[in-house]
Amino acid sequence: MRPPSPRLERPDGWGTSRESRLFPGWWLVHADLHNHTRLSDGAGDPQLAFASMREAGLDVAAITDHSRWASVFLGLADAPGWTGIDGRAFRRTISLAEAANVDGEFVALHGFEWSHAAFGHMNVWGSERFTDPLRTVPTMGRFWRWLERRGRDGLVGFNHPGTGRLRFDGFGYRPALAGRLVSLELFNKRDDYLLKDTERGKQSPLNQCLNVGWRVGLLGVTDEHGADWGHPDGKGRAGLYVRELTRAGVLEALAARRFFASRVKGLRVDAALTSLAATQGSRGRARMGTTVTHAGGPARIEVDLDRGEAWWGRRLNVQVLRPGERLPTLAAALDVGLPGPDEPVTSLELDLDPADGDWVVLRVTDPGEPADPRAAGEWARLGRALAYTSPFWLDRP
């Protein structure tokens with residue numbers, strides 16, 4: 001099947017083929033959905049942001065400047081950037097995204113980051129309206145209601161979980177937002193949030209968010225506040241699988257949770273889960289971000305990893321994460337060498353019991369690099385995290 005645009009037909013700037021080996025006809029695009037400019041507290045000219053990210057090899061990018069308490073100025077004067085965006089700044093973000101968007105070449109999205117010191121920060125993409133914490137205090141409930149009513153045309157994500165002391169009011173679940181709240185950041189800047197605050201006895205944000213019922217995909221973002229958008233190495237980013245490189249194609253991929261978190265430029269990760277107990281062959285195959293019917297028992301997991309010829313044969317480790325109490329449970333860990341294009345994809349089989357919880361996440365690490373300083377025991381042996389897939393969800397027949 002031919003790709004939907006010449007850009008996707010070619011390998012990316014790091015020599016990685018964009019076509020999934022597990023699900024042909026879907027194409028990898030590299031995205032960064034969390035960036036700032038001096039419209040709020042960033043250092044760079046917003047006029048230059050999208051061009052910088054496109055030149056750096058990104059296919060999809062968003063400007064999401066902070067909304068804080070600029071509404072105190074009542075629209076009578078331009079709000080200083082450190083108070084967050086006001087209506088004028090938000091409209092400028094929309095116009096910059098419109099000017100930078102080129103179907104088939106580069107997708108530019110507008111958004112804002114609702115930024116509350118206690119509850120945390122959340123991105124909203126694509127809405128024609130915005131709000132700020134000053135208009136939605138004192139509870140998370142008022143922001144939830146704004147999203148359900150005035151902001152119902154946008155997609156939403158949890159940002160850098162744990163920076164607000166109340167952590168989104170315990171990730172309190174809102175059924176009305178289940179379809180539109182699409183993401184949780186696990187890589188932000190150079191930080192891995194899997195073990196955030198676990199050294200102080202708190203739950204892992206991943207564990208807490210998924211265990212209360214949110215069915216979110218996992219994102220990496222740079223959260224760039226400088227003027228070199230898209231260029232620094234080692235910061236978070238995301239890979240999305242699309243049918244077409246358009247806004248509609250990107251928003252559909254986000255809504256479908258068909259994406260992964262990474263902090264390696266050019267990395268391709270895709271994953272499939274097949275219930276061997278319920279069906280035969282590919283009829284029971286599910287992709288990351290989707291649900292698979294599974295009564296319990298054996299399942300096969302396949303992982304498509306690539307980062308161009310320079311990485312073929314490189315030793316990595318793939319872990320299967322399952323629900324736990326404070327930390328996720330390490331259900332399996334497999335050392336792998338990155339296969340070349342003519343070698344089979346990595347696969348493993350294990351027993352999965354829905355009674356142990358309904359989600360499965362894959363984590364890719366480099367055992368040769370230092371682990372998160374908060375890691376202990378087996379987590380420390382596994383090395384530095386490079387990628388997380390969006391979850392699979394297990395539904396009983």
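The shown structure was predicted, so the numbers you read here are calculated from the model rather than taken from an experiment.
A donor-acceptor contact shorter than 3.5 Å links the side chain of R247 to the backbone of A108. Side chain of E309 to main chain of G15: no donor-acceptor pair is present (N/O by atom type, distance under 3.5 Å, no hydrogens or angles). Although no hydrogens or angles enter the test, the distance criterion places no donor-acceptor pair under 3.5 Å between the side chain of R268 and the main chain of R307. The main-chain N or O of G297 is found under 3.5 Å from a side-chain atom of H294 such that the two form a donor-acceptor pair. Between the side chain of R180 and the backbone N or O of L147, at least one donor-acceptor pair lies under 3.5 Å. Listed for the R300 side chain is no donor-acceptor partner under 3.5 Å among the backbone atoms of E349. Distance alone, capped at 3.5 Å, is enough to place a donor-acceptor pair between the R7 side chain and the E105 backbone. Between the side chain of T16 and the backbone N or O of G266 there is at least one donor-acceptor pair closer than 3.5 Å. Proximity of a side-chain donor or acceptor of K196 to a complementary backbone N or O of L186 within less than 3.5 Å is not detected. H110 places a side-chain N or O within 3.5 Å of a backbone atom of S127 that can act as its donor or acceptor partner.
A salt bridge does not link R152 with E128: every distance from a Lys NZ or Arg NE/NH1/NH2 to an Asp or Glu carboxylate oxygen is 4.0 Å or more. We find that R68 and D41 are joined by a salt bridge, their nearest charged nitrogen and carboxylate oxygen being less than 4.0 Å apart. Salt bridge status for E224 with K189: absent, with no side-chain N to carboxylate O gap under 4.0 Å. Electrostatic pairing of R263 and D233 does not count as a salt bridge here, judged by no charged N lying under 4.0 Å from a carboxylate O. Comment: D358 does not engage R396 in a salt bridge, judged by the lack of any side-chain N to carboxylate O separation of less than 4.0 angstrom.
At a cut-off of 3.5 Å, with distance as the only test, a side-chain donor of Y388 or R363 sits close to an acceptor on the other residue. Judged purely by distance below 3.5 Å, without hydrogens or angles, the side chains of T365 and Q319 pair a donor atom with an acceptor atom. Counting only N and O atoms by type, the side chains of D395 and T293 include no donor and acceptor under 3.5 Å apart. Between H30 and D12, the side chains place a donor N or O and an acceptor N or O closer than 3.5 Å (distance only, hydrogens not considered). Judged purely by distance below 3.5 Å, without hydrogens or angles, the side chains of D65 and S40 pair a donor atom with an acceptor atom. Between the side chains of W359 and N211, at least one donor N or O sits under 3.5 Å from an acceptor N or O. Side-chain N/O atoms of D372 and W379 include no donor and acceptor closer than 3.5 Å. For the residue pair E244/T246, the side-chain donor-acceptor check at 3.5 Å is satisfied. T291 and R215 share a donor-acceptor pair across their side chains, judged by distance under 3.5 Å alone.
The side-chain contact (heavy atoms from CB on, under 4.5 Å) with F50 is formed by just one residue from the set N35, L58, I63; it is I63. Applying the side-chain hydrogen bond (donor to acceptor under 3.5 Å, both in side chains) test between H121 and each of E113, H34, E185 identifies E113 as the sole match. When the options F119, F158, W114 are evaluated for a ring pair (Phe, Tyr, Trp, His ring centres under 6.0 Å) with F168, the one that passes is F158.
By the salt bridge (charged side-chain N to carboxylate O under 4.0 Å, His left out) test, R381 pairs with E378, sequence neighbours left out.
Stacking of R243 on the aromatic ring of W27 is not recorded, the 6.0 Å distance cut-off and the 45° axial limit not both being met. A cation-pi arrangement, defined by a distance under 6.0 Å to the six-membered ring centre and an angle within 45 degrees of its axis, is absent between R129 and F112. Annotation: cation-pi pair R285/F23 present, NZ/CZ under 6.0 Å from the ring centroid and within 45° of its normal. For the pair R135 and F130, the cation sits on the ring face: its NZ or CZ lies under 6.0 Å from the ring centre, inside 45° of the axis.
In plain terms, the two heavy atoms of L206 and L184 that are nearest each other are CA-CD2, 4.0 Å. Closest of all the heavy-atom pairs between A227 and G44 is CB-CA, 3.9 Å. Listed here is the closest heavy atom pair of T64 and W125: CG2-NE1, 3.7 Å. Considering every non-hydrogen atom in both D270 and M288, the closest pair reads OD1-CE, 3.6 Å. Among all heavy-atom pairs drawn from L254 and V182, the shortest one is O-CB, 3.6 Å. For R322 against A331, the heavy-atom pair with the smallest separation is CG-CB, 3.6 Å.
Residues T389 and L218 are not in side-chain contact: their nearest non-hydrogen atoms beyond the backbone lie 4.5 Å or more apart. Using a 4.5 Å heavy-atom threshold, the side chains of S20 and Y241 count as touching. Side-chain contact check for W26 versus R258: some heavy-atom pair is nearer than 4.5 Å. Counting heavy atoms from C-beta on, the side chains of D353 and D356 come closer than 4.5 Å. Annotation: side chain of L240 is in contact with side chain of V250 (closest heavy-atom distance under 4.5 Å).
Note on L316 and W14: separate hydrophobic clusters, where clusters join Ile, Leu, Val, Met, Phe, Trp and Tyr whose side-chain heavy atoms are under 4.5 Å apart, directly or indirectly. Linking ILVMFWY residues whenever their side-chain heavy atoms come closer than 4.5 Å, directly or via other members, places L338 and I301 in the same cluster. Note: the hydrophobic cluster containing L251 does not contain F106 (ILVMFWY, side chain heavy atoms under 4.5 Å, direct or indirect links). Transitive grouping of hydrophobic side chains (ILVMFWY, heavy atoms separated by less than 4.5 Å) keeps W312 and L334 in distinct clusters. Cluster membership for I85 and W229, using ILVMFWY side-chain heavy atoms within less than 4.5 angstrom, is not shared.
Among residues at least two apart or in separate chains, side chain to side chain donor-acceptor pair (under 3.5 Å) pairs with a member in residues 323-344 are N317-D335.
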How far apart are the C-alpha atoms of H116 and M140, what are their side-chain angles, what is the distance that settles it, and do they pass the side chain to side chain contact (heavy atoms under 4.5 Å, CB included) test? CA-CA 9 Å; H116 193 288; M140 279 292 294; over 6 Å; no
